[in-house]
Amino acid sequence: MAFEYRKGALCAEQVPLEEIARRFGTPCYVYSRAAIERHYGEFALALAGRSALVAYSVKANSNLAVLALLAKLGAGFDIVSGGELARVLAAGGEPRKILFSGVGKTEDEIAYALESGILCLNLESEGELQRVAQVAGRCGKRAPIAFRINPDVDAKTHPYISTGLKQSKFGVPHADAERIYREASRLPQVEVVGIGCHIGSLMTGAGPFIDATARILALTTRLERAGIGLAHIDLGGGFGIRYRDEAPAPIGEFVDGALGVLAGRKEKLIVDPGRSIVGSAGALITRVEYVKPGEAKSFLVVDAAMNDLLRPALYGAWHEVLPVLEEDEAAATGVYDIVGPVCESADFLAKDRALAARPGDLLAVMSAGAYAMAMSSNYNSRPRAAEVMVDGEQAHLVRRRERVAELYAGESVPAW
Ligand SMILES: *Cc1c(COP(=O)(O)O)cnc(C)c1O
């Protein structure tokens, strides 16, 4: 376990969170190196012996230390912006292991990707194909491309799928795929290298993932017959983790299912997990500022807010909240909404939690490694939290707390 109580103190690996709060202040994100390595290792093990690439989805958590750690383990990277490309390169990621996804790539981003020599641009429309061909022509490069296919996996049987349906903005419709591939194969400025899909996040069962694999394989064999051979098949990410009481299938079950469908195929298999690598490897430490009793509700007002962790406000997401020091038996327990200082009613981290907390106590918001710091903002002119990576008995500051003056450093007042 990345986080567990030792002698009453919640620890990240060997380091008590209380010590981290004392050294680096709160709010503070803490990540476990061992947990990230373990989660990456599950994919690597399941894919061992096959031509494969685990391309970590950078948008889940783009801290340079996280990226550098994964690069060292041999990971590739799935990016969605020029900014993420710059981060991956700064962290030592290999360009030949980078895939560029997303529906809105600009000309500058495409040129940057081509100049950097990335593995593949994952295209999502014919407009994008035309643009990539143009930019490649201008740069004197041949653009390696794949299309993200929207497999339209039946939502009725698999209701939790959110990005693989016809009404989604993502991907090229399954029915148009063959025509678009033929069109691409005639363009000299692009080289068709792969095919991809990503059917949604937080999958718990492997069924839809395996269905999507079968649909992508069927398309791949049709393209092959049409003379369009592919080097890789990218099945996306979206593997669930446990936030509350979900019981996601183990990674091996997803991967083995896909490998079964792809048995005998020579294409490189790519997966791009984000949440399942970093989600449960992180926690957010926050301090209770006030206990505010009320008639209808009582509140713990803490020093972290929706600008630090948006998921509860944005999705109604549930995160476990644990006391950093185990409560003594005598302490009075109340039921609280845990809220931040931001001026929005949506500013909550958790609702209706039984805790024995006093002002000054520390709480840990769990499973906060993915889509947490990465979605943070400066709303209410709040500097972003510090980030710490724990490695055994060591705690490394991997992003210092933002300074208030940095918030307005880029602003200026006109000489009216
Ligand atoms: C967001 C995204 C992922 C990662 O999703 P997780 O749920 O974090 O695993 C993978 N592939 C693509 C194309 C994505 O957009």
Side-chain angles (χ1 to χ4, degrees), residues 31 36 39-40 42-43 46 52-63 66-67 70 75-81 83-85 88 97-105 109 113 118-125 128 145-151 153 158 160-165 168-172 194-206 208-209 212-213 216 232-243 246 248-251 253-255 258 269-282 310-311 314-315 317 367-375:
Y31 310 122
I36 295 172
H39 300 151
Y40 176 82
E42 287 172 20
F43 286 95
L53 177 66
V54 182
Y56 168 68
S57 178
V58 172
K59 70 181 189 284
N61 184 327
S62 55
N63 184 285
V66 172
L67 302 181
L70 288 163
F77 297 92
D78 184 71
I79 58 166
V80 294
S81 71
E84 287 190 351
L85 177 52
V88 169
K97 291 183 178 175
I98 299 175
L99 300 120
F100 194 164
S101 302
V103 295
K105 301 173 196 77
E109 287 176 322
I118 71 166
L119 175 64
C120 185
L121 289 139
N122 290 340
L123 309 187
E124 305 216 11
S125 65
E128 207 183 4
I145 62 142
F147 287 98
R148 172 170 174 176
I149 305 303
N150 184 335
V153 173
H158 309 297
Y160 39 84
I161 294 199
S162 50
T163 63
L165 288 169
S168 158
K169 76 171 175 181
F170 297 105
V172 170
I195 189 166
C197 70
H198 170 68
I199 56 176
S201 205
L202 275 174
M203 290 185 286
T204 50
F209 183 74
T213 306
I216 294 296
H232 74 246
I233 295 177
D234 177 355
L235 297 174
F239 313 102
I241 63 168
R242 199 166 74 83
Y243 284 101
E246 307 92 328
I251 293 307
E253 212 170 290
F254 287 93
V255 173
L269 173 56
I270 300 178
V271 287
D272 19 276
R275 189 190 315 270
S276 51
I277 303 264
V278 289
S280 60
L310 186 60
R311 298 187 71 257
L314 184 63
Y315 309 119
S367 300
Y371 305 105
M373 182 65 175
M375 283 186 161

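Count residues from 1 along the sequence. One-based numbering, in listed order, for ligands and for the atoms of each.
- Under the 4.5 Å side-chain criterion, counting only non-hydrogen atoms from C-beta, M203 is in contact with F209.
- For F43, the ring pair (Phe, Tyr, Trp, His ring centres under 6.0 Å) partners at least two apart in sequence or on another chain are F239.
- The distance from ligand 1 to the heavy atoms of P273 drops below 4.0 Å at these ligand atoms: 9 (O).
- Here the side chains of S280 and H39 are in contact, with some heavy-atom distance below 4.5 Å.
- Taking a cut-off of under 4.0 Å to the non-hydrogen atoms of D78, the atoms of ligand 1 that pass are 11 (N), 12 (C), 13 (C).
- Taking distance alone, with nitrogen or oxygen atoms compared against 3.5 Å, G274 approaches ligand 1 more closely than that limit.
- Protein heavy atom at the shortest distance from atom 8 (O) of ligand 1 is Y371 OH, 2.5 Å.
- Between S57 and ligand 1, no pair of N/O atoms sits closer than 3.5 Å.
- When only non-hydrogen protein atoms are considered, atom 15 (O) of ligand 1 lies nearest to K59 NZ, 2.8 Å.
- Checked by distance only, ligand 1 and S101 stay at 3.5 Å or farther apart across all their nitrogen or oxygen atoms.
- Using a 3.5 Å distance cut-off with no hydrogens or angles, the side chains of R148 and S101 do not pair a donor with an acceptor.
- Atoms of ligand 1 lying under 4.0 Å from at least one heavy atom of G238, given by number and element, are 5 (O), 6 (P), 7 (O), 9 (O).
- Residues Y243 and L202 approach most closely at CE1-CD2, 3.9 Å, considering heavy atoms.
- The shortest side-chain heavy-atom distance between L99 and I118 does not fall under the 4.5 Å cut-off.
- By the criterion of a heavy-atom distance under 4.0 Å, both the backbone and the side chain of R275 are placed next to ligand 1.
- Ligand 1 places these atoms under 4.0 Å from at least one heavy atom of R148: 13 (C).
- A salt bridge is absent between K59 and E84: the closest approach of a Lys/Arg side-chain nitrogen to an acidic carboxylate oxygen does not fall below 4.0 angstrom.
- Atom 7 (O) of ligand 1 has its closest protein heavy atom at S201 OG, 2.4 Å.
- In terms of protein heavy-atom proximity, atom 11 (N) of ligand 1 is nearest to D272 OD2, 2.6 Å.
- Side-chain atoms of L310 and Y371, non-hydrogen and from C-beta on, never get closer than 4.5 Å to each other.
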